[in-house]
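Following: one structure in structure tokens, then a few remarks.
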Amino acid sequence: MPLLYLRFYLGSLSLLFAFYLLGHYLLGFPFPTPTTLFHLALGAGAGVGLGALYHRVWPLPPPGLGRVVRLFVLLPPAFMLGIGLLVLLQAQVALPYLVPLLAWLTPDYGKAPSSTP
């Protein structure tokens, strides 16, 4: 189980790093510094950790209204955590959006809730 979360974290991180690098070469954005990459890694780790923790407390329900309600309960704390990281680190990255996105995507890698007849 932890290896699935680690794999998801590393895959997300490599996608984010590639996005920032391509943004430099294709769109003329500033080259990502090690500090920027560290902020991305920290924000991605916070999002995956929050998603894994939240999945343990409230497993992902079947598709329907339950998932929508769960999403709206998850988003405010994840967004505020991202803003807190942004203010604390004085980062120039999209941490307020990165943390909730990864927290929302992470439960797909969690253990499926057991079904009882």
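Given the structure is predicted, the values throughout are model-derived calculations rather than measurements. Residue indices begin at 1 and follow the sequence shown. In what follows, every heavy atom counts, from backbone to side chain, and hydrogens, waters and symmetry copies are set aside.
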Would you please indicate if the ring centroids of H24 and F29 are separated by under 6.0 Å?
no
I need the L22 CG to L15 CG distance, nearest 0.5 Å.
9.5 Å
Roughly how far apart are L95 CG and L88 CG, rounded to 0.5 Å?
10.5 Å
Are L98 and L74 linked, directly or through other ILVMFWY residues, by side chains that come within less than 4.5 angstrom of each other?
yes
With a 4.5 Å limit on heavy-atom distance, are the side chains of F79 and Y97 in contact?
yes
At what distance, to the nearest 0.5 angstrom, does CG of L21 lie from CG of L16?
12.5 Å
Side chain to side chain, Y5 and H55, heavy atoms closer than 4.5 Å
yes
For W104, is the CH2 atom crowded, meaning more than 12 foreign heavy atoms sit under 6.0 Å from it?
no
Does L37 reach the side chain of T33, with side-chain heavy atoms less than 4.5 Å apart?
no
Counting N and O atoms only, with roles assigned by atom type, does the side chain of Y54 sit under 3.5 Å from a partner on the main chain of G49, one being a donor and the other an acceptor?
no
For residues T36 and F31, determine if any side-chain heavy atom of one lies less than 4.5 Å from a side-chain heavy atom of the other.
no
Are V48 and I83 co-members of a hydrophobic cluster defined by side-chain heavy atoms under 4.5 Å apart?
no
Is R70 reaching over with its side chain to a backbone N or O of W58, donor-acceptor style, under 3.5 angstrom?
yes
If we only count heavy atoms from C-beta on, is the Y9 to T106 side-chain gap below 4.5 Å?
no
L40, Y25: one ILVMFWY side-chain cluster at the under-4.5 Å cut-off?
no
Whether the side chain of S12 engages the backbone of F8 through a donor-acceptor N/O pair (distance < 3.5 Å, no angle test) should be reported.
yes
